[in-house]
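Remarks on the structure that follows.
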Amino acid sequence: MSLLGRNYSKELNSLDHGSQSPSESGSSTASENVHPAGEAGLSMMQTLIHLLKCNIGTGLLGLPLAIKNAGLLVGPVSLLAIGILTVHCMIILLNCAHHLSQRLHKTFVNYGEATMYSLETCPNTWLRTHAVWGRYTVSFLLIITQLGFCSVYFMFMADNLQQMVEEAHVTSNICQPRKILVLTPILDIRVYMLTILPFLILLVFIQNLKVLSIFSTLANITTLGSMALIFEYIMQGIPYPSDLPLMANWKTFLLFFGTAIFTFEGVGMVLPLKNQMKHPQQFSFVLYLGMSIVIILYICLGTLGYMKFGSDTQASITLNLPNCWLYQSVKLMYSIGIFFTYALQFHVPAEIIIPFAISQVSESWALFVDLSVRSALVCLTCVSAILIPRLDLVISLIGSVSSSALALIIPPLLEIVILYSEDMSYVTIAKDIMISILGLLGCIFGTYQALYELTQPINHSMANSTGVYA
């Protein structure tokens with residue numbers, strides 16, 4: 001049971017004999033998992049590893065195209081600004097949760113609880129009466145966002161596996177610029193998804209974040225290896241970028257904005273990671289260090305990739321890599337990294353849904369229900385990837401709405417509501433309002449991007465694909 005990391009007797013007792021809602025039970029679980037100093041918990045290095053893997057996902061490979069959509073100058077500057085803004089909002093969220101935990105004498109306050117407790121203290125009577133819906137809203141957004149990422153990962157892994165199999169007969173040992181390939185599918189993409197499914201189900205049975213840090217380390221190693229090969233290629237013979245525009249058309253900038261917001265994936269894991277640390281007071285340092293690495297990586301890959309391929313930049317940078325075994329290994333290594341990252345992104349919705357589910361049964365059935373719900377959720381992400389032809393755009397739509405709300409809109413508003421009565425400066429209030437408005441604009445722009453692309457005719461060679469070059 002140490003691998004599963006759950007004490008069902010304690011958890012059932014903490015749930016008021018099944019009387020709590022899904023979001024409330026998730027909060028109880030989060031609070032239970034606090035590790036006071038001196039007890040078992042995540043070290044700084046383990047937390048950093050988790051943080052890096054939560055933010056380095058499939059969106060990273062699309063950053064060169066995002067820079068192309070914004071311009072060679074505007075793109076990197078805007079990406080840096082969005083990164084700094086996202087980290088600032090993470091810090092705001094951490095401070096709000098810490099402030100509420102001290103005010104309410106609680107060991108830990110999660111995202112949903114912070115939203116609910118802040119609404120309970122606001123001057124508006126209607127908001128105070130319906131404060132619990134703040135928790136429901138955050139829980140719903142977290143579930144949609146994280147399961148959405150998991151669906152994208154499912155598609156990405158299956159699609160890359162299909163590409164490696166189908167290109168095997170035309171892949172050589174000589175690395176030359178990639179040529180246009182017209183490939184005949186050997187197996188349907190759904191077969192590859194079903195092949196991956198049982199392995200992912202077994203992976204999500206591991207619930208302990210400390211155990212997952214081992215797999216997260218493996219994911220970091222494989223991702224690092226694939227990134228090294230990508231950088232090794234794009235830094236060779238970069239042409240002089242005199243023909244590349246410094247500022248792109250404003251319509252394509254909207255596409256950049258939605259992609260950039262979607263790329264920062266780790267907001268849902270910030271509070272759970274701090275909760276799991278052996279010394280939570282060190283988390284701010286880990287957050288600054290980890291997100292600095294992430295932002296630098298984003299800017300370098302996006303900018304150098306666009307400078308290397310120019311107007312030929314594809315939706316995923318793997319499309320531009322030479323068709324040889326060395327660079328085909330990039331797909332394999334990155335897919336392995338995404339495989340292990342799946343479990344980390346899955347952890348957030350699992351901790352919201354599963355405690356409520358097991359509270360409805362006796363302790364003897366708790367383990368069976370736990371594993372059954374985990375299996376069903378993984379199958380749900382698989383079915384979504386199979387049924388929706390352009391899943392990447394649908395998830396981009398969901399991510400633009402929910403990720404913008406979770407990362408940029410809600411944290412500044414929480415700070416205003418929680419600290420307004422404590423002589424909060426007008427400068428801070430104005431800053432928070434501007435950030436929330438910017439987040440709302442990002443939500444609108446991302447929604448526009450996804451809806452516009454969804455209305456376009458489907459290119460069957462690219463549908464449900466992140467890497468087919470046809």
Side-chain angles (χ1 to χ4, degrees), residues 14 20-35 47 51 54 85-124 126-146 264 266-277 280-281 283-284 286-287 347-353 355-356 402-422 424 428-429 431-433 435-436 439-440:
S14 72
Q20 293 178 328
S21 66
S23 54
E24 289 173 319
S25 57
S27 303
S28 298
T29 305
S31 300
E32 270 182 24
N33 290 336
V34 175
H35 299 283
T47 306
L51 184 65
C54 288
L85 208 56
T86 302
V87 175
H88 178 66
C89 288
M90 290 178 178
I91 294 297
I92 289 177
L93 180 60
L94 289 171
N95 291 338
C96 288
H98 178 69
H99 187 87
L100 285 171
S101 64
Q102 289 186 325
R103 179 192 295 179
L104 302 171
H105 305 290
K106 290 180 174 289
T107 307
F108 174 76
V109 175
N110 66 20
Y111 203 159
E113 287 177 323
T115 305
M116 184 185 70
Y117 292 142
S118 64
L119 292 178
E120 287 178 348
T121 60
C122 73
N124 187 284
W126 189 89
L127 289 177
R128 289 200 306 270
T129 306
H130 298 83
V132 69
W133 286 99
R135 172 186 277 176
Y136 294 156
T137 300
V138 169
S139 297
F140 176 76
L141 291 174
L142 284 172
I143 291 172
I144 294 299
T145 301
Q146 302 303 123
F264 291 94
V267 63
M269 286 296 292
V270 171
L271 289 177
L273 283 177
K274 181 182 179 181
N275 174 31
Q276 290 279 335
M277 281 195 74
Q281 65 273 16
F283 184 73
S284 294
V286 175
L287 180 64
H347 181 79
V348 174
E351 287 299 298
I352 296 174
I353 297 173
F356 171 73
S402 55
S403 294
S404 294
L406 291 170
L408 296 179
I409 299 176
I410 296 179
L413 296 180
L414 284 181
E415 186 174 42
I416 294 175
V417 173
I418 294 172
L419 302 179
Y420 182 77
S421 61
E422 302 181 13
M424 188 178 186
T428 303
I429 294 175
K431 179 262 296 180
D432 288 342
I433 292 175
I435 293 175
S436 293
L440 180 61

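As a basis for the values below, the full set of heavy atoms in this structure was taken, side chains included, without hydrogen atoms, waters or symmetry mates. Because the structure is a prediction, the values reported are computed rather than measured.
Of all non-hydrogen atoms in Met424 and Ile429, the two that sit nearest each other are SD-CG1, 3.8 Å. In this structure, Pro355 and Ala350 approach most closely via the heavy-atom pair CD-O, 3.5 Å. The two residues Gly134 and Leu119 make their nearest non-hydrogen contact at CA-CD1, 3.9 Å.
Looking only at distances, no side-chain donor or acceptor of Thr145 sits under 3.5 Å from a matching main-chain atom of Leu142. For Tyr111 (side chain) and Leu406 (main-chain N/O), a donor-acceptor pair under 3.5 Å exists by modelled atom type.
In terms of the ring pair (Phe, Tyr, Trp, His ring centres under 6.0 Å) criterion, residue partners of His130 (sequence neighbours excluded) are, by chain and number, Trp126. Every residue two or more places apart in sequence or in another chain that forms a side chain to side chain contact (heavy atoms under 4.5 Å, CB included) with Arg128 is listed here: Cys122, Thr125.
Rounded to the nearest 0.5 Å, atoms CG (Asn95) and CE (Met90) are 13.5 Å apart. For the atom pair Phe108 CZ and Glu113 CD, the distance stands at 7.5 Å (nearest 0.5 Å). To the nearest 0.5 Å, atom NZ of residue Lys106 and atom CG of residue Leu100 are 10.5 Å apart. Here Asn110 contributes atom CG and Asn275 contributes atom CG; the two are 8.5 Å apart, rounded to the nearest 0.5 Å. Put simply, CD1 on Ile92 and CG on Leu414 are 9.5 Å apart, with the number rounded to the nearest 0.5 Å. Atoms CD and CG, from Gln146 and Leu141 in turn, are 11.0 Å apart once rounded to the nearest 0.5 Å.
Checking His88 against Lys431 by side-chain atom types alone, a donor-acceptor pair falls below 3.5 Å.
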